[in-house]
Amino acid sequence: RIQLVESGGGSVPTGGSLRLACVASRYTRGVYSMAWFRQAPGKSREGVAAIDNDGRTAYANSVKDRFTISQDSDKDTTYLQMNSLKADDTAMYYCAADPFIVEVSATTLDANFTYWGQGTQVIVSS
């Protein structure tokens with residue numbers, strides 16, 4: 001079992017940027033696929049981005065070309081760089097990890113990941 005702790009959320013104006021970080025309690029590179037999900041008030045959870053052990057990535061259409069998921073193996077940290085933020089990006093963002101998802105594809109963003117963090121709030125003001 002691993003624990004995931006997110007950070008980096010905050011309040012920014014439209015067009016601004018944030019970088020979210022997810023620190024794992026144990027080594028994840030090469031073992032777990034990682035992902036970011038988000039949930040806005042009154043809406044269902046949405047997969048945002050995912051990355052697997054070989055560096056393959058998948059993104060929701062709503063964030064393509066604006067968000068980038070990456071990993072820092074030395075620090076057991078997964079990042080989500082968010083640029084050109086819009087009011088619709090306002091949500092609680094959650095980091096997730098799964099040892100059984102080997103290859104990331106578009107359908108990974110609909111998967112039920114095994115481990116979850118507590119979330120970090122992102123507010124984009126118009």
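With values rounded to the nearest 0.5 angstrom, K86 atom NZ is found 8.0 Å from S84 atom OG. Here the straight-line distance linking atom CD1 of I51 with atom OG1 of T108 works out to 12.0 Å at 0.5 Å rounding. Taking OG from S33 and CG from D52, the interatomic distance works out to 5.0 Å, rounded to the nearest 0.5 Å.
Using a cut-off of 4.0 Å between Lys/Arg side-chain N and Asp/Glu carboxylate O, D54 and R56 are scored as salt-bridged.
Closest non-hydrogen pair, F37 versus G47, comes out as CD2-CA, 3.4 Å. Nearest heavy atoms, S62 versus E46: OG-OE2, 3.3 Å. Smallest separation of non-hydrogen atoms from A21 and T77: CB-CG2, 4.0 Å. In plain terms, the two heavy atoms of S17 and V12 that are nearest each other are O-CG1, 4.0 Å. Scanning all heavy atoms of the two residues, the minimum distance from L4 to A24 falls at CD2-CB, 3.9 Å. Heavy-atom minimum distance, I69 versus A35: CD1-CA, 4.3 Å.
Among pairs with a residue in residues 85-120, those fulfilling disulfide bond (SG atoms under 2.5 Å apart) read C22-C95, at least two apart in sequence or across chains.
K64 pairs by the side chain to side chain donor-acceptor pair (under 3.5 Å) definition with N61, not counting sequence neighbours. Qualifying side chain to side chain donor-acceptor pair (under 3.5 Å) partners for S70, counting only residues two or more places apart in sequence or in other chains: none.
Using a 4.5 Å heavy-atom threshold, the side chains of S25 and I2 count as touching. Counting only heavy atoms from C-beta outward, the side chains of E6 and W36 approach each other to under 4.5 Å. At least one side-chain heavy atom of V122 sits less than 4.5 Å from a side-chain heavy atom of L20. Residues D89 and R38 meet the side-chain proximity criterion, which asks for heavy atoms closer than 4.5 Å.
In the hydrophobic clustering of ILVMFWY residues, with side-chain heavy atoms under 4.5 Å counting as a link, Y59 and L18 come out together. Under the 4.5 Å side-chain heavy-atom criterion for ILVMFWY residues, no single connected hydrophobic cluster contains both V104 and L109.
Using modelled atom types, one side-chain atom of T90 and one backbone atom of V124 make a donor-acceptor pair closer than 3.5 Å. For T14 (side chain) and S125 (main-chain N/O), a donor-acceptor pair under 3.5 Å exists by modelled atom type. Checking side-chain atoms of T78 against main-chain N and O of M34 turns up no donor-acceptor pair under 3.5 Å. Between the side chain of D98 and the backbone N or O of T114 there is at least one donor-acceptor pair closer than 3.5 Å. Checked by atom type and distance alone, the side chain of Q71 never pairs as donor or acceptor with a backbone atom of Y79 at under 3.5 Å.
Under a cut-off of 6.0 angstrom, the local environment of CD in Q118 is sparse, with at most 12 non-hydrogen atoms contributed by other residues, nucleotides or ligands. Within 6.0 Å of the CD atom in Q3, the count of heavy atoms belonging to other residues, nucleotides or ligands does not exceed 12.
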query = Run the side chain to side chain contact (heavy atoms under 4.5 Å, CB included) check on M92 and Y94 step by step: do they pass?
reply = CA-CA 7 Å; M92 185 71 79; Y94 299 92; 3.3 Å; yes
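The aromatic rings of Y93 and F67 lie tilted to each other, with the angle between the two planes from 30° to 60°. Between Y115 and Y32, the ring planes lie perpendicular to each other; the angle is over 60°, past the 30° to 60° tilted range.
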